[in-house]
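A quick write-up on the structure given underneath.
Just so we're on the same page: letters track the sequence lines, and every chain starts at 1.
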Amino acid sequence: MIRVQTEDFDIGAEVAALTAGRTDIGAIVTFSGLVRDANGGSVASMELEHYPGMTEKELARIEREANERWPLQASLVIHRVGKLLPGDNIVLVVAASAHRQAAFEAASFLMDYLKTRAPFWKREDTGGETRWVDARESDGVAAAKWKV
Amino acid sequence: MIRVQTEDFDIGAEVAALTAGRTDIGAIVTFSGLVRDANGGSVASMELEHYPGMTEKELARIEREANERWPLQASLVIHRVGKLLPGDNIVLVVAASAHRQAAFEAASFLMDYLKTRAPFWKREDTGGETRWVDARESDGVAAAKWKV
Amino acid sequence: MKLLYFAWVRQKAGVAEEDVTLPGDVRDVSGVISWLRTRGEGYEAAFCDLSVIRCAVDQEHGGFDTPVAGAAEIAFFPPVTGG
Amino acid sequence: MKLLYFAWVRQKAGVAEEDVTLPGDVRDVSGVISWLRTRGEGYEAAFCDLSVIRCAVDQEHGGFDTPVAGAAEIAFFPPVTGG
């Protein structure tokens, strides 16, 4: 399941919804990404822009790929857009499987691919001046290791 | 932080408590393990036994080791004991860091070590008959890769 | 054909979205960019360093050599930074 | 000295916890086990396959050759299965 939304999400509620009434899930890994103010007080807010239409297609493709590679009982990707403040949630990825290794690997894969394929762009507002966040080379390296 | 308890936990509430008022955390990975009824209807309940005193020492040691290996802003291990039903939560591990790789690796490490070092034992009740769960060789292999 | 621009490519080009008719000799994304750069300073600024330009043709990631014949929508943007 | 037993080791031994005085010639965990096996069928059943016996001396994981002199608490249990 994928969602692009301006609203916040609650990890516990999302996991509870995925697992409700099921007894075949043994392991759930969640990843959540937050707006970080690396230097303390330098980031006033962040704006998340995306490419409506393509975003949903890319997230669906990434999720499908994860489900083909690992035996997942459930998966979820939520990405927020719009204005966010330091400490706010940006993204949530959940992978549920019978065993923990599949859940860990799938969640990590989902994040690595989302970081390099999903059309989102971050702009930091440092109070007065805005700055588009540069892509990190390490994200490309992380994604490349999965050899899609 | 470590806790051994009979009560259930809420992933969202635990993560919210760890991150409240902080803006230096960029990535949070949670692992939760659930009672799985692999064959559907064969496990009526599970009993989690532990070694009070040593359990807390081992969990604290495992958490300390994770914090020495990765730059974590916060970490949490909760393990339930007593009687649990299929679908119930057993364990929660949370690792929070500035970047996602550290959070993923630390959470995975915490689980691998908990699985092989923390003195917990599972007994399945299949309705009439009880069976102590055997240790899995793959857990030893998973822990060995971290070379503690 | 619809052209879309995102993030600082949109800001430099000065437009988010436009409908255009490409010259008949434009075959691929590279050709679209060359043509755009003749259309004004904003486009020139947006496309001056192609090492940081990414594109999608009909909402699929593409490259500079991706053909554009029959495409309904081409988008230009910097490397993605979500997650 | 306190001896503790967990999981099926506890069930087979028929005791969860006991205070004992070890014979003077018992030096290590291995010696404790040999002595326990002379104390009855339950202990013999519990300790018949040492490949699935783990131990802790004063709440630290130990091996069969871990010295027990001065220890306050020795625990015996199967390989752990938590998480």
Side-chain angles (χ1 to χ4, degrees), chain A residues 2 4 31-36 46-62 77-82 84 89-93 107-124 130-143 148, chain C residues 1-20 22 28-30 32-33 36 41-83:
Chain A
I2 61 158
V4 179
F31 173 89
S32 45
L34 289 77
V35 179
R36 195 165 68 93
M46 181 172 273
E47 183 74 27
L48 253 296
E49 181 173 330
H50 79 122
Y51 182 174
M54 180 170 172
T55 309
E56 290 79 2
K57 280 186 196 168
E58 277 299 320
L59 293 182
R61 185 203 305 271
I62 291 163
V77 178
I78 300 177
H79 204 296
R80 292 179 72 190
V81 291
L84 300 174
N89 287 314
I90 302 174
V91 62
L92 175 66
V93 154
S108 179
F109 169 88
L110 284 164
M111 277 310 300
D112 285 347
Y113 266 80
L114 187 153
K115 284 263 182 191
T116 51
R117 305 272 311 176
F120 292 99
W121 300 276
K122 287 184 182 127
R123 199 187 66 208
E124 286 178 355
T130 64
R131 188 182 78 81
W132 290 97
V133 172
D134 283 331
R136 297 171 63 215
E137 201 183 332
S138 61
D139 287 331
V141 173
V148 164
Chain C
M1 175 182 291
K2 197 199 279 187
L3 298 185
L4 296 162
Y5 308 90
F6 292 98
W8 57 254
V9 179
R10 168 178 55 73
Q11 288 185 319
K12 290 188 179 178
V15 56
E17 187 177 326
E18 58 186 336
D19 282 301
V20 300
L22 297 177
D28 57 15
V29 169
S30 191
V32 178
I33 293 174
L36 284 171
E41 278 182 20
Y43 295 100
E44 241 181 286
F47 293 99
C48 96
D49 179 2
L50 294 185
S51 74
V52 285
I53 293 292
R54 300 292 179 270
C55 67
V57 175
D58 286 341
Q59 305 192 350
E60 303 264 350
H61 286 290
F64 295 133
D65 57 354
T66 302
V68 297
E73 185 174 312
I74 301 177
F76 296 99
F77 42 80
V80 302
T81 56

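Looking at Lys115(A), the atoms closer than 4.5 Å to chain C (heavy atoms on both sides) sit in the backbone and in the side chain alike. Only the side chain of Arg10(C) comes within contact range of chain A, judged by heavy atoms closer than 4.5 Å. For Gln11(C), the part sitting under 4.5 Å from any heavy atom of chain A is the side chain, from C-beta outward, and nothing else.
A distance of 10.5 Å separates CH2 in Trp132(A) from CZ in Phe6(C), rounded to the nearest 0.5 Å. Note that the CZ atom of Arg54(C) and the OG1 atom of Thr116(A) stand 11.0 Å from one another [nearest 0.5 Å]. Between the CG atom of Asp134(A) and the CH2 atom of Trp8(C) there is a distance of 9.5 Å, given to the nearest 0.5 Å.
Under a cut-off of 6.0 angstrom, the local environment of CD in Glu18(C) is crowded, with over 12 non-hydrogen atoms contributed by other residues, nucleotides or ligands.
Looking at residues two or more places apart in sequence or on another chain, you find a salt bridge (Lys or Arg N to Asp or Glu O under 4.0 Å) between Arg117(A) and Glu58(A).
The shortest non-hydrogen separation linking Gly83(C) to Ile90(A) is O-CG2, 3.9 Å. In terms of heavy-atom proximity, Trp121(A) sits nearest to Pro78(C) at NE1-O, 2.9 Å.
For residues 73-83 of chain C, the pairs satisfying side-chain hydrogen bond (donor to acceptor under 3.5 Å, both in side chains) are Tyr51(A)-Glu73(C), Gln59(C)-Glu73(C), with sequence neighbours left out.
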